[in-house]
2 protein chains.
Amino acid sequence: MTDDLLADRDAWLNTNCSIASALEVVGNRSTLLLLREASFGTRRFDDFARRVGVSEPVAAARLRQLVADGLLERRPYREPGRRTRDEYHLTPKGAALLPVLTALRQWGDAWTADPAGPSVRVEHHDCGAVVHARLRCAAGHDVTPGDIDVRPGPGLLRADPAVAPKTP
Amino acid sequence: MTDDLLADRDAWLNTNCSIASALEVVGNRSTLLLLREASFGTRRFDDFARRVGVSEPVAAARLRQLVADGLLERRPYREPGRRTRDEYHLTPKGAALLPVLTALRQWGDAWTADPAGPSVRVEHHDCGAVVHARLRCAAGHDVTPGDIDVRPGPGLLRADPAVAPKTP
DNA sequence: CCGCTGACTTAGGATTACAAAAGTCAGCTG
DNA sequence: CAGCTGACTTTTGTAATCCTAAGTCAGCGG
């Protein structure tokens, strides 16, 4: 898919990789599963722990980190006859991970074949059709994995500054 | 985004979640970074280790697991005057993760703000426009994170079999 | 057949992730 | 103001993950 473009790939420093920095935040199993639950509408501590299948200490630590990272926010709520508590809501930053979760689910459905079919169906609210993550270019074309070129971007740090892409 | 639909979310067993099973395969940092490199065209052992920034034992273990899981395959190659060796190529199953990597990169670009901008630009080969991961429904509509309904799917295992979705 | 090289493996140790079980704590109810 | 409850925290212990440093090993070139 990409060959000679990457001949000097070693000159690109990986310290500035967006995938790596995204994985700093969501790069472990329980974090992504907690976000799955949040996107499904789960909001309370013990629901998160039980539905994700994780112990309470882990749920507490991960939720705290997700709040610190700005993917979830705590909001007070009050059930009648109960004390005030906080629930966890997705922020825009957290909701923006939905394409990642969707792409993962789609891949799991397609390749980790469970003969019974997917256990969850995500629908477009307006029309009821199934939602997928798709690759598309800014010109509006559908893109397949083989149709891609990778090039240095503006934020690239190069081992050799002389050949860095123009930064006006 | 989804409320009453999920009132009985606890009746859904999570043992059959596609996201969880996808994360069994790619749910750690180094695996996804190795796949990033593979999608950028890296094929040789020490290039993987160096570019991902991971030690040799870890690279060996992860690459072996990726081959066992069918995301990479080994192919013999021979440089003139050198012995035959194997390189690692993406299989269709591995290449199918490109939407996941793209969605992650896009999120990292948008939210883990590096003021210099993204370090990599992924272009559509045919037209040069930037490639994004987008949510779209089967009817062709663009979908935003707020436009989504989650429903039980055909493969759902329920705590109460009486209310399981029809499985003909 | 000796040495070089790329691709690993082995050994040892640090760090992180996780579970189970028990304890804490705030504040509403009675 | 005692008890209950949801939401944690603490403790203890195990397993996974990762690092560095030092081997091993196959086979081609000399």
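Letters go in sequence order (proteins before strands), and every chain restarts at 1. Keep in mind that this is a model prediction, so the values were computed, not measured.
Regarding A/R29, its CZ atom lies at a distance of 18 Å from the P atom of D/dA15, rounded to whole Å. In this entry the distance linking CZ of B/R78 with C1' of D/dG27 reads 9 Å, nearest Å. Summarising the geometry, the separation between CD on B/Q65 and C1' on D/dC18 is reported as 16 Å, rounded to the nearest angstrom. In this structure, the CD atom of B/E24 is 14 Å from the C1' atom of C/dA17, given to the nearest Å. Following rounding to the nearest Å, A/L23 (CG) and D/dT17 (C1') show an atom-to-atom distance of 15 Å. Remark: C1' of C/dT15 and CG of B/N28 are 15 Å apart, rounded to the nearest angstrom. In this entry the distance linking CG of A/L32 with C1' of C/dC18 reads 17 Å, nearest Å. A/L66 places its CG atom 13 Å from the P atom of D/dC8, with the value rounded to the nearest Å.
Side chains of A/T42 and A/D47: a donor-acceptor N/O pair is absent below 3.5 angstrom, by distance only. A donor and an acceptor atom, one from each side chain of A/H125 and B/D149, are located under 3.5 Å apart.
When atom types are taken as modelled, the side chain of B/T91 and the backbone of B/G70 share a donor-acceptor pair closer than 3.5 angstrom.
Between A/R62 and C/dC18, a side-chain N or O to OP1/OP2 separation shorter than 4.0 Å is present. An OP1 or OP2 oxygen of C/dC18 is reached within less than 4.0 angstrom by a side-chain nitrogen or oxygen of A/S30.
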For nucleotides 2-9 of chain C, print each protein N/O atom paired with a nucleotide N/O atom at under 3.5 Å, atom names and distance only.
residue : atom : partner : partner atom : Å
C/dG6   : N2   : B/R83   : NH1          : 3.3
C/dG6   : N3   : B/R85   : NH2          : 2.9
C/dA7   : OP1  : B/Y77   : OH           : 3.2
C/dA7   : OP2  : B/D46   : OD1          : 2.7
C/dA7   : OP2  : B/D46   : OD2          : 3.4
C/dA7   : O4'  : B/R85   : NH1          : 3.2
C/dC8   : OP1  : B/R74   : NH2          : 3.0
C/dC8   : OP2  : B/Y88   : OH           : 2.9
C/dC8   : N4   : B/E56   : OE1          : 2.5
C/dT9   : OP2  : B/R64   : NH2          : 2.7

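Tested against A/Y77, the residues A/E87, A/R85, A/R44, A/R43 include a single side-chain hydrogen bond (donor to acceptor under 3.5 Å, both in side chains) partner, A/R44. For the side-chain contact (heavy atoms from CB on, under 4.5 Å) with A/Y88, the qualifying choice from A/V67, A/L66, A/L34 is A/V67, the only one to do so.
If you find the closest nucleotide of DNA chain C to A/P80 and to A/V58, the one lying nearer the 5' end belongs to A/V58.
Between the CZ atom of A/R36 and the CG atom of B/L23 there is a distance of 9.0 Å, given to the nearest 0.5 Å. Distance check: B/F40 CZ to B/R51 CZ gives 11.0 Å after rounding to the nearest 0.5 Å.
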